[in-house]
2 protein chains.
Amino acid sequence: MTIKDIAKMAGVSVAAVSRYFNGGSLSEEKREIIQKIVEENNYVPNAMAQTMRTGKSGNIGVIVPRLDSESFAQIMAGIADEVEKINYTVILGVTDNKKEKEIYYIEQMEKSKMDGIILMGTYMTPHLKTTLEKCLIPIVVTGQHFKGVPSVFYDDKSAMYDITKLMLKSKKHIAFIGAPSIDHAAGKMRKEGVEKALEEAGIDKKSLIAYESDFTIDGGYETMKKILKSHKKVDGVICATDRMAHGAMLAIREAGKNIPDDISITGVGDSWGDKISSPQLTTVQLYYKKCGQTAVNLLWGLMKGESDSHLISKVMLGYSIIERGSV
Amino acid sequence: MTIKDIAKMAGVSVAAVSRYFNGGSLSEEKREIIQKIVEENNYVPNAMAQTMRTGKSGNIGVIVPRLDSESFAQIMAGIADEVEKINYTVILGVTDNKKEKEIYYIEQMEKSKMDGIILMGTYMTPHLKTTLEKCLIPIVVTGQHFKGVPSVFYDDKSAMYDITKLMLKSKKHIAFIGAPSIDHAAGKMRKEGVEKALEEAGIDKKSLIAYESDFTIDGGYETMKKILKSHKKVDGVICATDRMAHGAMLAIREAGKNIPDDISITGVGDSWGDKISSPQLTTVQLYYKKCGQTAVNLLWGLMKGESDSHLISKVMLGYSIIERGSV
DNA sequence: ATTTAAATTGAAAACGATTACACTTTAGTT
DNA sequence: AACTAAAGTGTAATCGTTTTCAATTTAAAT
């Protein structure tokens with residue numbers, strides 16, 4: 001069933017049928033007959049042919065490191081939501097945390113005529129930088145603040161500053177289990193937030209007991225064991241992610257210490273697991289879903305070539321501190 | 001940069017360039033010169049034009065109820081893995097648990113020339129049934145056993161049978177917090193597994209204290225409160241999902257009871273949260289990722305028109321009982 | 001040196017839409 | 001009634017590929 005068939009059945013030209021769908025001057029009379037035929041035959045224009053002719057695919061490419069991570073899945077959910085609203089389709093690329101795949105997908109998506117790309121950022125590399133610069137279609141990055149690239153990200157530093165201050169109300173000797181520092185947002189910024197709060201409280205940031213771990217429960221667990229062994233005085237642990245915090249809680253409980261009496265602990269993310277541990281985890285809620293939605297809206301502005309989108313091409317999202325029993 | 005440009009630069013016909021990419025007889029001499037030009041110009045054929053001409057899009061549509069659910073996200077991850085291996089692309093449709101969207105996406109994906117569809121099943125309706133029957137492109141369903149449709153699903157009944165038997169070793173008065181019975185796999189089958197184990201132990205299945213809840217932590221929590229109030233003798237709770245189990249644990253702890261001494265509890269899913277609750281949750285591990293991968297393989301067979309794929313068009317996945325502290 | 005078969009080639013016709021262009025009709029003004 | 005502007009219409013070119021078909025070249029076999 002092609003536009004030709006419809007045109008023939010309706011007794012009009014293909015141009016008329018095309019105009020029926022895309023708008024263009026068309027008499028009421030013809031509009032009606034075309035509508036009738038289209039509905040009777042349940043005809044929908046072939047998307048591929050449209051793309052080929054117009055150069056617009058109606059597709060938005062989304063590049064994500066992993067899907068089985070609560071934060072990425074939530075951002076993804078927000079993206080899917082919003083993309084549907086503007087009647088576009090999402091094309092998925094999962095990088096499995098491999099930088100070369102990230103670049104591969106960007107190039108691939110550009111070639112296969114995506115109308116826009118959303119990249120869930122991890123960290124910047126020179127190669128990624130040049131790829132991003134070369135990329136001709138609109139692209140927005142989430143979760144990271146890449147210079148020169150439109151992005152939607154969290155106020156990681158302030159969030160950590162706030163939660164650290166909260167902990168400092170009752171505790172003195174703070175340890176920090178951070179994310180890899182190559183990750184600007186989750187690694188570097190979050191640590192800086194902690195340090196800032198510390199300094200403000202008159203504690204030299206050099207004295208901060210800081211470790212880096214790998215986002216996992218096990219990583220948090222092992223790191224906490226180390227801390228417990230070599231820093232007996234620690235009475236508060238700030239973790240850069242919820243999962244690491246839960247791992248650390250395991251280690252603390254295992255050592256026979258009480259949370260929060262002996263040691264307080266905090267995470268980041270407001271995962272569902274935070275409500276089921278005992279005590280429940282005090283954490284910072286980042287608006288993941290909102291992040292995805294915002295990214296689409298920003299991209300949409302870029303795609304439409306709205307002049308002001310280029311000006312407002314960075315948006316920093318807020319957060320909430322969720323106080324529960326672990327502090 | 002089109003195939004024409006490349007042809008001109010290489011001094012050959014467009015047909016030759018096309019053959020270079022798609023295989024077809026071509027002299028070594030031409031192959032080399034084309035390769036050189038292609039590489040120099042970093043040329044990649046336009047996917048849309050290819051689709052249009054061949055009718056094959058290289059796309060596999062994946063329809064998922066929600067992304068922010070651990071099980072779906074994991075299945076998705078498995079799908080993405082495998083789809084990449086066969087050099088296809090995944091197109092995403094998120095239904096937000098709405099049946100009409102499910103149907104909409106199936107029809108839409110058929111029209112936009114997906115080469116295959118994977119539907120993460122929830123429950124069957126007459127409308128869905130007819131849509132599935134009308135669908136001309138290969139489709140496979142995951143997580144549910146829909147009659148007449150190729151599917152990959154879990155052995156829900158046996159899994160529940162096993163875990164119930166495990167609980168019956170130490171407990172006598174079992175309650176069951178189930179999923180909505182409209183969901184054949186997570187609702188009906190899981191309950192049947194519990195009942196079967198009960199009967200085998202000489203307990204009339206009619207006497208099973210069974211509630212239905214909604215997959216959420218809160219749902220499990222509220223349901224458990226009801227059970228605690230009206231069925232004081234209950235000493236073991238089987239839950240159809242991990243999240244409900246965790247909600248129930250919350251209620252149990254809140255009531256001042258000890259797990260597992262006073263009441264044992266089990267879930268399904270092996271979520272990451274299971275390791276962080278205290279005690280850790282005994283559960284059944286379903287191979288979600290494997291499920292996604294298998295679905296793609298099955299679909300791939302169907303897409304290639306392998307005769308035997310139609311015969312082996314149902315695959316039932318195994319499971320493991322993970323014993324932890326909650327029983 | 002022929003003949004025959006096989007491999008290599010390019011021109012041109014699809015694939016299914018959109019749209020520039022030129023032509024008709026209609027409606028609006030004087 | 002004559003003229004003009006606007007709205008409605010169809011033809012045909014175009015988007016970037018693949019693939020059929022017929023022609024040509026090469027290789028193998030007699």
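Chain letters run A, B, ... following the sequence lines, proteins first, then strands; residues in each count from 1.
- When rounded to the nearest whole Å, the span between CD of A:E29 and P of D:dA7 equals 18 Å.
- Remark: P of C:dT25 and CG of A:L26 are 17 Å apart, rounded to the nearest angstrom.
- Taking all atoms of both residues into account, the shortest heavy-atom contact from A:T95 to A:K101 is O-CD, 3.6 Å.
- Atom NZ of B:K8 is separated from atom P of D:dG16 by 13 Å (rounded to the nearest Å).
- A close approach under 4.0 Å does not occur between any side-chain nitrogen or oxygen of A:Q50 and OP1 or OP2 of C:dG16.
- For A:Y154 and A:Y288, the ring centers sit closer than 6.0 Å to each other.
- Of the possible polar contacts, one joining the A:T130 side chain to the A:H127 backbone as a donor-acceptor pair under 3.5 Å is found.
- Legend: residues meeting ring pair (Phe, Tyr, Trp, His ring centres under 6.0 Å) with B:F153, ordered by chain and number and at least two apart, are B:H145.
- One interatomic measurement links the two molecules: NZ of A:K4 to C1' of D:dT11, which rounds to 12 Å at whole-angstrom precision.
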### Query
Stepwise, does the salt bridge (Lys or Arg N to Asp or Glu O under 4.0 Å) test hold for A:E32 with A:K36?
CA-CA 6 Å; A:E32 271 164 23; A:K36 184 159 160 289; over 6 Å; no
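- If you measure from atom CG of B:N22 to atom P of D:dT19, you get 6 Å, rounded to the nearest angstrom.
- The CG-P distance, from B:N46 to D:dC15, rounds to 12 Å in whole Å.
- Comparing the axis of the opening five pairs of the helix from C:dA1-D:dT30 to C:dT30-D:dA1 with that of the closing five pairs yields an angle of 30°, rounded to 10°.
- Between B:Q144 and B:T122, the closest heavy-atom pair is NE2-O, 2.7 Å.
- Here the P atom of nucleotide C:dA7 and the CZ atom of B:R31 are 14 Å apart, to the nearest Å.
- What separates CD1 of B:I33 from P of C:dT9 is a distance of 13 Å, to the nearest Å.
- A:S57 approaches A:M114 most closely through the heavy-atom pair OG-CA, 3.7 Å.
- Among the heavy atoms of the strands lying under 4.0 Å from A:T54 are primed sugar atoms or P, OP1, OP2 only; no base atom is included.
- Counting non-hydrogen atoms under 4.0 angstrom, A:F21 reaches nothing in the nucleic acid.
- The phosphate of C:dT18 (OP1 or OP2) has no side-chain N or O of A:Y20 nearer than 4.0 angstrom.
- In the model, A:K314 has a side-chain atom that pairs as donor or acceptor with a side-chain atom of A:S151 under 3.5 Å.
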Between the protein and nucleotides 10-13 of chain C, are there any N/O to N/O pairs under 3.5 Å, and if so, what are the atom names and distances?
from	atom 1	to	atom 2	distance (Å)
C:dG10	OP2	B:S13	N	3.2
C:dG10	OP2	B:S13	OG	3.1
C:dG10	N7	B:R19	NH1	3.3
C:dG10	O6	B:R19	NH2	2.6

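- Contacts of A:S18 with the nucleic acid, taken as non-hydrogen atoms under 4.0 Å apart, include base atoms.
- In this structure, A:S27 reaches the sugar-phosphate backbone alone: every heavy-atom distance under 4.0 Å involves primed, P, OP1 or OP2 atoms, never a base.
- Checked against a 6.0 Å centroid threshold, the rings of B:Y123 and B:F146 do not count as neighbours.
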